[in-house]
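Read the structure below first, then the notes.
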Amino acid sequence: MISSIKGMKDILPNESSKWQHVEKIIHSLSQLFHFKEIRTPLLENTSLFSRSIGEETDIVSKEMYTFLDRSNESVTLKPEGTASVVRSYIQHHLGEEQPSTKLYYISPMFRQERPQAGRLREFHQYGAEILGSPNAIADSEIILLNAAILKNLGLTNFTLIINSVGCENCRPNYKIKLVNELNNIKNNLTELSKNRIDKNPLRVLDSKDKQDQDALKNIPVIFDYLCESCKSHFEELCQLLKNANQPYSINYKLVRGLDYYTKTAFEFISENLGSQDALSGGGRYDLLTLQLGGKPTPAVGFAGGIERLLIALEKENNNFHSENILQLFLASADEKGKDYIFTLAQHCRNAGISTEFDLLNRSVKSQLREADRQNAKFLILVGEKELTEKSLTIKGMKTNISHSLKIPLQVEELKSIINK
RNA sequence: GUGGCCAUAGUUCAGUCGGUUAGAACGCCAGGAUGUGGCCCUGGAGGUCGUGGGUUCAAAUCCCACUGGUCACCCCA
């Protein structure tokens, strides 16, 4: 038996309706906020990701599915969405058409990590980006869309945390100060954090280790080192969130794992996700477009994990109604009945009635069991008797109401009974 | 990538001081005075016990490796 690749899951028929429901809400809310969908390829040039996400990040240094294609080009299955969107934005000059652009996407992503709860090698993200606006109102738009999607799915148990990670003007100053302080308390830090002091000092801050957190109690926070522009941007965002009645908490130690973030960083977290507690995350990336060869374009965006949404929804006992209910099951008692219902099924389906019948030549009893199992709303059984008498009976499987119908059948009449 | 736990019918599991044809429930299939489902009753199909080695007269059961799952670390969605 050949099975799926480790960490890559089939979405089976009994769960695909949940996915469709979630995707439907993502589409409709994104469009309500007037974002337009963008679809980019799964495969990109490897350099797109190494240049944007950062060579030193875990994603690029050890998690990407990278390989040489048949022309010896290094290609990579996309590990996140923003880089591709920005690449496409630059390549197709979307910024020339209008001063600001709002885009959203739903797409599989790939990272070769050890799978665990809420973490897969192929997973699905939904995300949105606003390119062209440097203002906090764009940040709030992104955050509020994200929150609206969560709420509309019926989630209640989540928290928004925000921070500012500064910009190219103020972050270097803070970094120097931070490295100094970290070196002072070096002996109280875990090995991993010690190693990070030089490579990526900001990441030391959000270590989950208790020992680290104790040692970091009195560490200076970036907020005190933000430049005027970053500070006012952050304050403005806070005010906008308040005006929108969007609860949030500030966590000065929130740092995100991708290098391109500037100013705003945020996460929506849930207690229901085990150790992978982020439902979604995002932030501002004012330098990325320039870095990827485009014109300087301030931008902000987020991405969320669909699998994690589904886990959180399950934990909150949100039961989805199964869509795609079967309206009519046609059963046959003999060969003539079979011929008749085959044709009738075409008419019903053309009229928009979802219709099913037996494909296995089974007994009447088996056909009816099947109708029951499929949760059919109505049943019509046809045999020689009905055809001779030119009269059919349609029966409600749940209601026990039945109607007589004359042959030739008027599909409109049938439709009105079914949709009543 | 590191570590803990796990791996028996389609599913959830029982079965280990090693010992004859490996069980249950649910699901599936067929039937129940002959053309009306669900409940009920009867019968049936379905497993080389994750894979490969080893120990033993004998392995689902003990040992090793591998693979997969799961949880945690790491990291992130």
Side-chain angles (χ1 to χ4, degrees), chain A residues 1-9 12 14 53 56-63 78-82 106-127 146 150 190-193 195-196 200 203 206-210 212 254-258 267-270 273-282 301-312 329-334 336-337 358 360 362-387 389 392-398 400 402:
Chain A
M1 182 183 65
I2 298 173
S3 48
S4 62
I5 289 173
K6 182 175 184 164
M8 304 206 177
K9 285 196 175 173
L12 297 172
N14 61 354
I53 301 169
E56 289 300 317
T57 60
D58 286 359
I59 293 177
V60 172
S61 64
K62 54 192 189 197
E63 295 170 1
K78 59 180 167 186
E80 62 102 38
T82 302
I106 299 176
S107 170
M109 304 290 171
F110 301 85
R111 291 182 204 171
Q112 192 162 356
E113 298 185 84
R114 185 86 159 238
Q116 71 179 83
R119 193 174 74 187
L120 293 167
R121 291 185 169 187
E122 181 189 28
F123 59 103
H124 298 77
Q125 286 189 338
Y126 62 100
N146 198 168
L150 300 177
T190 55
E191 276 307 307
L192 188 76
S193 289
N195 293 334
R196 278 212 182 111
N200 197 344
R203 287 219 54 81
D206 68 351
S207 165
K208 274 188 211 164
D209 195 282
K210 180 102 177 34
D212 284 335
L254 172 66
V255 177
R256 313 213 66 251
L258 288 67
E267 279 182 7
F268 282 89
I269 57 174
S270 164
L273 296 178
S275 68
Q276 310 302 318
D277 65 352
L279 279 168
S280 62
F302 83 93
I306 296 183
E307 284 85 356
R308 291 189 186 176
L309 279 182
L310 290 168
I311 292 171
F329 194 99
L330 299 176
S332 58
D334 48 44
K336 285 185 178 161
D358 174 58
L360 298 171
R362 286 186 284 187
S363 66
V364 171
K365 179 173 191 148
S366 294
Q367 292 179 60
L368 299 188
R369 278 184 178 160
E370 186 64 27
D372 189 57
R373 185 190 2 242
Q374 299 297 341
N375 246 314
K377 278 169 77 180
F378 288 92
L379 172 76
I380 296 177
L381 176 61
V382 186
E384 202 163 355
K385 183 182 145 207
E386 284 76 9
L387 297 173
E389 294 173 3
L392 296 178
T393 303
I394 178 167
K395 174 182 160 183
M397 298 283 286
K398 316 240 155 115
N400 266 335
S402 60

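Lettering follows sequence order; numbering is per chain, from 1. What you are looking at is a predicted structure, and each value in this text was computed from that prediction instead of being measured.
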So CG of A:D372 and CE of A:M397: to nearest 0.5 Å the spacing works out to 5.0 Å

Under 4.0 Å, heavy atoms only, any strand: does A:D277 hit a base, just the sugar-phosphate, or nothing?
base

Identify whether any heavy atom of A:G118 sits under 4.0 Å from a base atom; if not, whether one sits that close to sugar-phosphate; answer base, sugar-phosphate or nothing.
base

A:M109 atom CE is separated from B:A77 atom P, nearest whole Å, by 10 Å

Give every pair of a protein N or O atom and an N or O atom of nucleotides 3-10 of chain B that lie under 3.5 Å apart, one pair per line with the distance.
| unit_1 | atom_1 | unit_2 | atom_2 | d |
| --- | --- | --- | --- | --- |
| B:G3 | O6 | A:R114 | NH2 | 3.3 |

**Item:** Phosphate OP1/OP2 of B:A72: any A:Q116 side-chain N/O under 4.0 Å
**Value:** yes

Residues passing the ring-ring contact (aromatic ring centres under 6.0 Å, His included) test with A:F378, sequence neighbours excluded, are none

Quiz item: How far does the C1' atom of B:A65 sit from the matching atom of B:A7, given to the nearest Å?
Solution: 15 Å

* Atom P, compared across B:A58 and B:G46: separation rounded to whole Å -> 30 Å

Separation of B:G1 atom C1' from A:E113 atom CD, nearest Å, is 10 Å

Checklist entry - For atom P, what is the distance between B:U70 and B:U61, given to the nearest Å? => result 24 Å

Rounded to the nearest 0.5 angstrom, the CZ-CD distance for A:R111 and A:E80 is 7.0 Å

Under a 4.0 Å heavy-atom criterion, the protein footprint on nucleotides 27-39 of chain B, written with B, S and -, is -SSSBB--BBBB-

When rounded to the nearest 0.5 Å, the distance separating CZ of A:R121 from CE of A:M8 is 7.5 Å

Minimal heavy-atom distance between A:K395 and A:S402, with the atoms involved, is CA-CB, 4.0 Å

Sorted by chain and number, sequence neighbours left out, salt bridge (Lys or Arg N to Asp or Glu O under 4.0 Å) with A:D58 holds for A:K62

A:E122 atom CD is separated from B:A77 atom C1', nearest whole Å, by 13 Å

Taken to the nearest whole Å, NZ/A:K6 to P/B:U67 is 7 Å

Per side chain to side chain contact (heavy atoms under 4.5 Å, CB included), A:L392 is matched among A:L387, A:L381, A:I380 by A:I380

* In whole angstrom, give me the gap between the C1' atoms of B:G43 and B:U36. => 23 Å

Any protein N or O atoms within reach of nucleotides 42-44 of chain B? Criterion: under 3.5 Å, listing atom names and distances.
none

Those residues at least two apart in sequence (or on a different chain) that pass side-chain contact (heavy atoms from CB on, under 4.5 Å) with A:D358 are A:L360, A:R362, A:Q367

From CG of A:L120 across to C1' of B:G69 the rounded distance in Å is 12 Å

Item to complete: Could you go through the side-chain contact (heavy atoms from CB on, under 4.5 Å) check for A:H124 and A:E307 one step at a time?
Response: CA-CA 7 Å; A:H124 298 77; A:E307 284 85 356; 2.8 Å; yes

Dot-bracket for RNA chain B, 5' to 3', Watson-Crick and G-U pairs with both distances under 3.5 Å, [ ] for crossing pairs, | for partner on another strand, reads (((((((..((((.....[...)))).(((((.......))))).....(((((..]....))))))))))))....

Contacts of A:E267 meeting salt bridge (Lys or Arg N to Asp or Glu O under 4.0 Å) (sequence neighbours excluded), chain-then-number -> A:R256

Assign each of A:G304 and A:A117 the nucleotide of RNA chain B bearing its closest heavy atom; nearer the 5' end lies the nucleotide of A:A117

A:K336 meets the salt bridge (Lys or Arg N to Asp or Glu O under 4.0 Å) criterion, sequence neighbours left out, with A:E384

Rounded to whole Å, the CG-P distance (A:L309 to B:C76) equals 19 Å

ask   = Which whole number of Å gives the distance between the C1' atom of B:A22 and that of B:C74?
value = 42 Å

Here the distance between atom P of B:C76 and atom NE2 of A:H124, to the nearest Å, is 21 Å

Between A:Q112 and A:G305, whichever has its closest RNA chain B nucleotide further toward 5' is A:Q112

For A:R373, the salt bridge (Lys or Arg N to Asp or Glu O under 4.0 Å) test, sequence neighbours excluded, returns A:E370

**Prompt:** For atom P, what is the distance between B:G1 and B:A60, given to the nearest Å?
**Reply:** 32 Å

To the nearest angstrom, the CD-C1' distance between A:E63 and B:U2 comes to 14 Å

Sorted by chain and number, sequence neighbours left out, side chain to side chain donor-acceptor pair (under 3.5 Å) with A:S107 holds for A:K78

**Item:** Pairwise P distance for B:A14 and B:A25, with rounding to whole Å
**Value:** 16 Å

Next item on the list: Can you tell me, in whole Å, how much space there is between the P of B:U56 and that of B:G15?
Entry: 28 Å

Side chain to side chain donor-acceptor pair (under 3.5 Å) filter on A:S270, not counting sequence neighbours, yields none

So CE of A:M109 and CD1 of A:I306: to nearest 0.5 Å the spacing works out to 9.5 Å

| Base, sugar-phosphate, or nothing: which does A:E80 touch, judged by heavy atoms less than 4.0 Å apart? | nothing

Could you check if a side-chain atom of A:V382 sits within less than 4.5 angstrom of a side-chain atom of A:L330, using non-hydrogen atoms only?
no

Any N or O donor-acceptor pair under 3.5 Å from the base of B:A77 to the side chain of A:R119? no

